[in-house]
Amino acid sequence: MLQAAATLLRVAEGDAAPPPAGGRGGITLERPPRADFGDYSTNAALLLAPRLSASPREVAERLGAQLAGDLGASLQRFEVAGPGFLNLFLADGWLRTALGGVLAAGDAYGAGGREPGERVMVEFVSANPTGPMHVGHARNAAYGDALARMLEFAGERVEREYYVNDAGSQVRTFGESIRALARGERAPENGYQGDYIADLAARIADAATSDPADVGRAAVAMMVGEIQRSLTAFGVKEFDYWAYESALHEGQPSLVDRALARLAELGHTYMQDGALWLRSTTFGDDKDRVLVRSSGEFTYLASDVAYHEEKRERGFDRLVDVWGADHHGYVLRLKAVYAALGGDPDDLELLIMQLVHLVRSGERAQMSKRAGEFVTLDDLVSEIGVDAARWYLLARSHDTTVDLDLDLARSQSAENPVYYVQYAHARILSVLAKAGEDRASAAGEDPAGVADQELHPSERALIKQLLDFPVELASATARRAPHRIAAYALELAQGFTAFYRDCRVVGAESEAIESQRIALCVASRRTIARCLDLLGVSAPEHM
RNA sequence: GCCCCCGUAGCUCAACUGGAUAGAGCACCGGCCUUCUAAGCCGGGGGUUGCUGGUUCGAGUCCAGCCGGGGGCACCA
């Protein structure tokens, strides 16, 4: 029916030609803000009226009459409201049939049917292996993981990747800091501090006598192990590939050598003041960038050139990098690099996570890695648990800074909305258990045939919410916005709870109604579980 | 100085890329467990969407300029 309506509206739009100027403000068919505005609403008449030189309300009337003819019994009635909105009220029968469709889709409900789907790489976390992960990385991890799950469910072929910055001077400095502690000395200036440095010093054999670079390498290997363990404990799905920066520098010629040679061939580099520069301004950067310092050392950017050249060569249709806010100044630069290498900058998505601010007793606290004072991912998990932590970090847009008050988070963790959603899930299972295995598994086999009795408003509302899921999910995925899934899941849980309050399931007025309601429970449970799974939050059977 | 993000209820955040009376969760006040899970339900108070203009049928959303917060502007990683 929606297809029919949408098609009709598009046809109407075409008839009204010319196509909308400026491409702004298209015709929509959407859920109106209030139930008494109907089940669906369209602004078509408002937009078409000027071109048809008729009043919006008049156009809406004509459109409504036409739809009524096309949709027949599915449409109960229509109303023209406000300046010219056309509000559609659907018949119960249509909603029952639609619910049958939801059930028939099973666990795949809402999944994208992309065939074969884009090859998408999502690179995320990529925290430096010179220290434990803090809450900022936790946010990045939760976000990247959820985004990857969403893309997978949409039908894309997703690969998850972690880039390990194990080259450059920082590893040496890292090693020096550890060696100093192993020798009972103070860490060097600008060195690393914190209890974990002492731990590493104790765990690495010969840390006191070995070359700092070797100590650093050994420590990086240990840290990567720790990071993997922390991420797994945080519910992050396994990465498909761990890309090591150091590998880009290995071999003769190395990948870095080859990437820079390629840029040179394309004429995008030049020498100045003894350094090799990338003419990134050609591709929209603010200024040109150094690739090889006059000392002969590569810059960090040189590694990224090689890394993204390698990504390009691996044949992905789309590259997604999830970065922390402290890297946002890097966006133009890397886009320029990608364009210089011959890639389409639109295929490279650089998503910036805003910062997580720690708050203690109402004031912002500094998280200093140097001083060894930070709340780690592990701390967060042990304080409030994986589910509450992931929900807290994912329920907000990645584009907004979040304040994290650990004391508050701890004291309020019992009030976290995530438990409300989980509770609804557990409650549904409890109802289904009461209904019995047979009834539950038979649900939806012929929901259209049952009960001509009018649907309760809570039933109608819940069915409509379930029908919204594919649209909500597609929108959330397209906008890289997992927080929309969280918002939807909470609303759906509220919708189910209202239904549960108003409508007796086991022991309903008739067996037909009971069957229909069991079906509604099954569909609700699956959809809630799907949302939670996309967010990496558990869907418990009992609470 | 230049670039990017943000400013919405006491607090934390939404608002389907321009739609109808700006919504949730916490917190606060009052009520509800003989009935499928009370981690729940019902009711209530709470707003000039930072400010000023502009664009139009219509602006939290788009444009300009201010104010405030954060981040970034290396031959560091």
Side-chain angles (χ1 to χ4, degrees), chain A residues 24-26 28 30-34 37 41 43 46 49-50 56 81-85 87 128 130 165 167-171 173 190 245 272-277 286-287 289-301 303 324-333 352 354-355 357 359 362 364 392 395-405 408-409 412 414-424 426-435 468 471-472 474-476 478-479 481 483-484 486-488 490-491 494 497-498 500-508 517 521 542-543:
Chain A
R24 231 171 221 299
T28 58
E30 60 188 8
R31 185 80 68 212
R34 285 163 43 190
F37 288 161
S41 174
N43 61 352
L46 285 166
F85 289 103
N87 297 335
N128 282 341
T130 52
N165 295 125
S169 60
Q170 60 166 351
V171 174
T173 307
N190 292 327
E245 184 186 1
Q272 185 183 305
D273 303 329
L276 180 71
W277 294 72
D286 301 325
K287 53 171 293 201
R289 307 290 172 179
V290 172
L291 293 169
V292 183
R293 290 177 238 164
S294 49
S295 67
E297 290 172 288
F298 292 113
T299 60
Y300 181 78
L301 187 63
S303 295
D326 55 338
H327 280 69
H328 96 253
Y330 225 70
V331 171
L332 275 183
R333 204 173 306 182
I352 299 300
Q354 292 302 318
L355 297 182
H357 286 119
V359 173
R364 287 219 169 139
Y392 189 92
R396 292 142 177 78
S397 161
H398 69 94
D399 228 11
T400 185
T401 55
V402 316
D403 286 334
L404 177 65
D405 187 327
L408 202 63
Q412 287 186 355
E415 314 300 332
N416 194 312
V418 70
Y419 298 123
Y420 182 92
V421 179
Q422 291 182 316
Y423 185 70
R427 184 183 251 170
I428 296 172
L429 280 174
S430 174
V431 174
L432 290 175
K434 189 126 190 162
D468 284 342
V471 176
E472 293 285 339
S475 158
R479 296 155 82 150
H483 75 276
R484 283 171 171 274
Y488 172 80
L490 184 58
E491 285 166 13
Q494 287 170 330
T497 303
Y500 171 83
R501 176 195 67 217
D502 296 333
C503 303
R504 183 78 201 177
V505 177
V506 180
R517 289 181 179 165
C521 285
H542 305 284
M543 288 189 78

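These numbers come from a predicted model, not from an experiment. Excluded from the calculations below are hydrogen atoms, water molecules and symmetry mates; all remaining heavy atoms, backbone and side chain alike, are included.
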Residues passing the ring pair (Phe, Tyr, Trp, His ring centres under 6.0 Å) test with A/F37, sequence neighbours excluded, are none
For A/R427, what residues pass the salt bridge (charged side-chain N to carboxylate O under 4.0 Å, His left out) criterion, not counting sequence neighbours? none
Kindly write out the residues that satisfy side chain to side chain donor-acceptor pair (under 3.5 Å) with A/T497, not counting sequence neighbours, or none if the list is empty. A/Y420
Got a donor-acceptor pair under 3.5 Å from the side chain of A/D326 to the base of B/A77? no
Filtered N/O pairs between nucleotides 47-49 of chain B and protein, under 3.5 Å:
none

Would A/E245 and A/S303 count as having a side-chain donor-acceptor pair, cut-off 3.5 Å? yes
Select base, sugar-phosphate, or nothing to describe what A/D399 touches, counting heavy atoms under 4.0 Å on all strands. sugar-phosphate
Does A/Y500 have any side chain to side chain donor-acceptor pair (under 3.5 Å) partners at least two apart in sequence or in another chain, and if so, which? none
Taking OP1 and OP2 of B/A15, is either one under 4.0 Å from a side-chain nitrogen or oxygen of A/R484? yes
Just call it for A/C521: base, sugar-phosphate, or nothing, with non-hydrogen atoms closer than 4.0 Å on any strand. nothing
Does A/S41 or A/V506 map to a spot on RNA chain B nearer the 5' end, using the closest nucleotide for each? A/S41
Nearest-nucleotide check on RNA chain B, A/V505 vs A/A167; residue mapping nearer the 5' end is A/V505
Heavy atoms under 4.0 Å, any strand shown: does A/A325 hit a base, just sugar-phosphate, or nothing? sugar-phosphate
Winner on side-chain proximity to A/A487, out of B/G71, B/A14, B/A20, is B/A14
Mind checking A/H542 for me? I need base, sugar-phosphate or nothing, with any heavy atom below 4.0 Å counting as a touch. base
How would RNA chain B look in dot-bracket form, 5' to 3', counting Watson-Crick and G-U wobble pairs with both distances under 3.5 Å and writing | for bases paired to another strand? (((((((..((((.....[...)))).(((((.......))))).....(((((..]....))))))))))))....
Name the pairs: protein N/O against N/O of nucleotides 1-4 of chain B, kept only if under 3.5 Å.
unit_1, atom_1, unit_2, atom_2, d
B/C4, O2, A/H328, NE2, 3.4

Just to verify, what does A/R501 make a side chain to side chain donor-acceptor pair (under 3.5 Å) with, not counting sequence neighbours? none
Write out a two-atom table: protein N or O, nucleotide N or O from nucleotides 41-44 of chain B, distance below 3.5 Å.
unit_1, atom_1, unit_2, atom_2, d
B/C41, OP1, A/Y420, OH, 2.6
B/C41, O3', A/R501, NH1, 2.9
B/C42, OP1, A/R501, NH1, 2.3

Which residues share a side chain to side chain donor-acceptor pair (under 3.5 Å) with A/R289, sequence neighbours left out: A/D285
For A/E491, what residues pass the salt bridge (charged side-chain N to carboxylate O under 4.0 Å, His left out) criterion, not counting sequence neighbours? none
So, using salt bridge (charged side-chain N to carboxylate O under 4.0 Å, His left out) as the criterion, who are the partners of A/R333 when residues are at least two apart? none
For B/C33, does the glycosidic angle fall within 90° of 0 (syn) or outside that (anti)? syn
What's the closest nucleotide to the A/R396 side chain, out of B/A39, B/G19, B/U12? B/U12
Any base atoms under 4.0 Å from A/T173, or only sugar-phosphate, or nothing? Heavy atoms, all strands. nothing
